[in-house]
Protein chains: 2
Amino acid sequence: MSLRYALIALLTGRPMTGYDISKSFSRSVSHVWHAPDSQIYPELNRMERDGLLISVEVPWGKKGTKKEYHVTDTGLADFRAWMESPLVPQRQRDPAYLKAAYFDFADPKAVREQLRQQRTYWEEQLRMLEGTRATLVDRSHPTLAARLAKLDEREAELAVRFKVYAYDGLIAHARTELAWIADGFALLDELYDS
Amino acid sequence: MSLRYALIALLTGRPMTGYDISKSFSRSVSHVWHAPDSQIYPELNRMERDGLLISVEVPWGKKGTKKEYHVTDTGLADFRAWMESPLVPQRQRDPAYLKAAYFDFADPKAVREQLRQQRTYWEEQLRMLEGTRATLVDRSHPTLAARLAKLDEREAELAVRFKVYAYDGLIAHARTELAWIADGFALLDELYDS
DNA sequence: GTCAATTAACTATGTCCATAGTTAGATTGT
DNA sequence: ACAATCTAACTATGGACATAGTTAATTGAC
């Protein structure tokens, strides 16, 4: 159900086509919530059916048209209701921890290689998160900027601070993963090399 | 596909019935990997069909029987292959971060209440993780103890250290969440109260 | 002028996962 | 004696999600 609210959240910034949304998801939104096209398009249709969004046909080139989705009052009310509803804690389901608990079943070289890949992945994540965080702070992030244009300074301040707060959480998470990976290398050195 | 390997991992400790496994999952295993009955039983059947496990009918009481699942050599080889295969990074899909990014849409009181609930949840998680970690270190954890009985001291040391390592990662994760939640309270104080 | 890349909007299939049951024998407490 | 609880092994249904396509118009590069 969270995809629905991720979509409303994104569309509060500015109206978008399914394609725009898909691109946003594969760029910055996926840091907070990942979804592929095959989930986005059907969900947009269901949301329009449920009255949370309305689509407006907009011409595109000479013959083409595209559908721009706008959040309705119902959609916004639904979003606020969800925002104030209790959070369902996520179940643990990260294969990295499962594997780590059984590293003794694998060859140390293969383990080291996996840790290197994990480190590369999280370093890249961290770099991207810090990059996006900076565009939030200086208000140059495109979707955020569109939303801020509709708000007064006090509201804009709140919107920016909470987005930065969310990114700070993601950044802390990435740093924690990297520290854990570094501990993993140290543990391998201790157990297999010396 | 990771459920399959979580099941083999668990069964390397000792043979178990589906019911034993289900109980283990709702106790300690769910820290590393969560799964309900409705996933466990069908997956055990598929794994037996695929030759990764064999089930042995064991009498239970006067008339009843139960099926005890054992890991086959094929199953163990499959597990080792998975352990050495590259890890697929998990996509971000935690509603907590999505919500945090849009806290300005919710009433500050409702936000505070959610942060309190999150804090309670993660404090409880942390308490349980630290409790289980202690039973790993002193080797009193039942499933681990069963597995250690089959290993020599060197192998046992490795098995224990990697399990503790995995739990240390989970504990660090829980602490990071708690620190982020504390930052959330501080941010609310700054933005709404003073 | 044409060819590749991009924009747009999907669909199809299968697995994963959550919620909520069911059926039946065994054990324990009173 | 019998009720409550536990052990055991499921099933049914629907939604979430991944992977991998399809079709067609538009725009930009050479």
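Order of the sequence lines sets the chain letters (A, B, ...), proteins ahead of strands, with each chain counted from 1.
Each of A:Arg154, A:Glu155, A:Arg161 was checked for a side-chain contact (heavy atoms from CB on, under 4.5 Å) with A:Glu157, and the lone residue meeting it is A:Arg161.
Between A:Asn45 and B:Leu3, the residue anchored closer to the 5' end of DNA chain C is A:Asn45, taking for each the nucleotide with the nearest heavy atom. In terms of position along DNA chain C, the nucleotide closest to A:Thr65 lies nearer the 5' end than the nucleotide closest to the other residue of the pair B:Pro36 and A:Thr65. Remark on DNA chain D: of its neighbouring residues B:Asp20 and B:Val88, the 5'-side contact belongs to B:Asp20, judged by nearest-heavy-atom nucleotide. Residue whose closest nucleotide on DNA chain D sits further toward the 5' end, between A:Ser2 and B:Lys66: B:Lys66.
Atom pair B:Lys23:NZ and D:dA9:P shows a separation of 12 Å (rounding to whole Å applied). If you measure from atom CZ of B:Arg4 to atom C1' of C:dC17, you get 16 Å, rounded to the nearest angstrom. When the P atom of D:dC17 is taken as reference, atom OH of A:Tyr41 falls 18 Å away, rounded to whole Å. Between B:Phe25 atom CZ and D:dC10 atom P the separation is 16 Å, expressed in whole Å. If you measure from atom CD1 of A:Ile21 to atom P of C:dA8, you get 11 Å, rounded to the nearest angstrom. Atom CE in B:Met16 sits roughly 12 Å away from atom P in D:dA8 (whole-Å rounding). As rounded to whole Å, 17 Å separates atom P of D:dA9 from atom CZ of B:Arg46. D:dC17 atom C1' lies 16 Å from atom CD of B:Gln92, rounded to whole Å.
Side-chain nitrogen and oxygen atoms of B:Arg93 include none within less than 4.0 Å of the OP1 or OP2 phosphate oxygen of C:dC17. Look at A:Tyr19 and you won't find any side-chain N or O under 4.0 angstrom from OP1 or OP2 of C:dA9. Proximity of A:Lys67 to the phosphate of C:dC10: a side-chain N or O atom is located under 4.0 Å from OP1 or OP2. Checking the phosphate oxygens (OP1, OP2) of C:dC17, no side-chain nitrogen or oxygen of A:Arg91 falls inside 4.0 Å. At the phosphate of C:dC16, neither OP1 nor OP2 sits under 4.0 Å from any side-chain N or O atom of B:Gln39. Listed pair B:His34 / C:dC17 fails the phosphate criterion, with no side-chain N or O lying under 4.0 Å from OP1 or OP2.
Contact annotation: side chain of B:Ser38 to base of C:dT19, donor-acceptor pair present below 3.5 Å.
When each of D:dA9, D:dC17, C:dA8 is scored by its nearest atom to the side-chain atoms of A:Trp60, the top-ranked nucleotide is C:dA8. Proximity note for A:Trp33 (side chain, C-beta onward) versus C:dA9, C:dT19, D:dC17: the nearest is D:dC17. Comparing D:dC10, D:dA8, C:dT19 against the side chain of B:Thr17 picks out D:dA8 as the nearest. Distances were taken from every side-chain heavy atom of A:Met1 (C-beta onward) to each of D:dA16, C:dC10, D:dA9; the shortest belongs to D:dA16.
In this structure, the side chains of B:Thr17 and B:Tyr69 stay at 4.5 Å or more apart for every pair of heavy atoms. B:Pro95 has its side chain within reach of A:Leu87: a pair of non-hydrogen atoms, C-beta onward, lies under 4.5 Å apart.
Within a 6.0 Å radius of CG in A:Asp73, other residues, nucleotides and ligands contribute 12 heavy atoms or fewer.
Of all heavy-atom pairs spanning A:Phe25 and A:Leu7, the tightest one is CE1-CD2, 3.7 Å.
For B:Phe185 and B:Trp180, the ring centers sit 6.0 Å or farther from each other.
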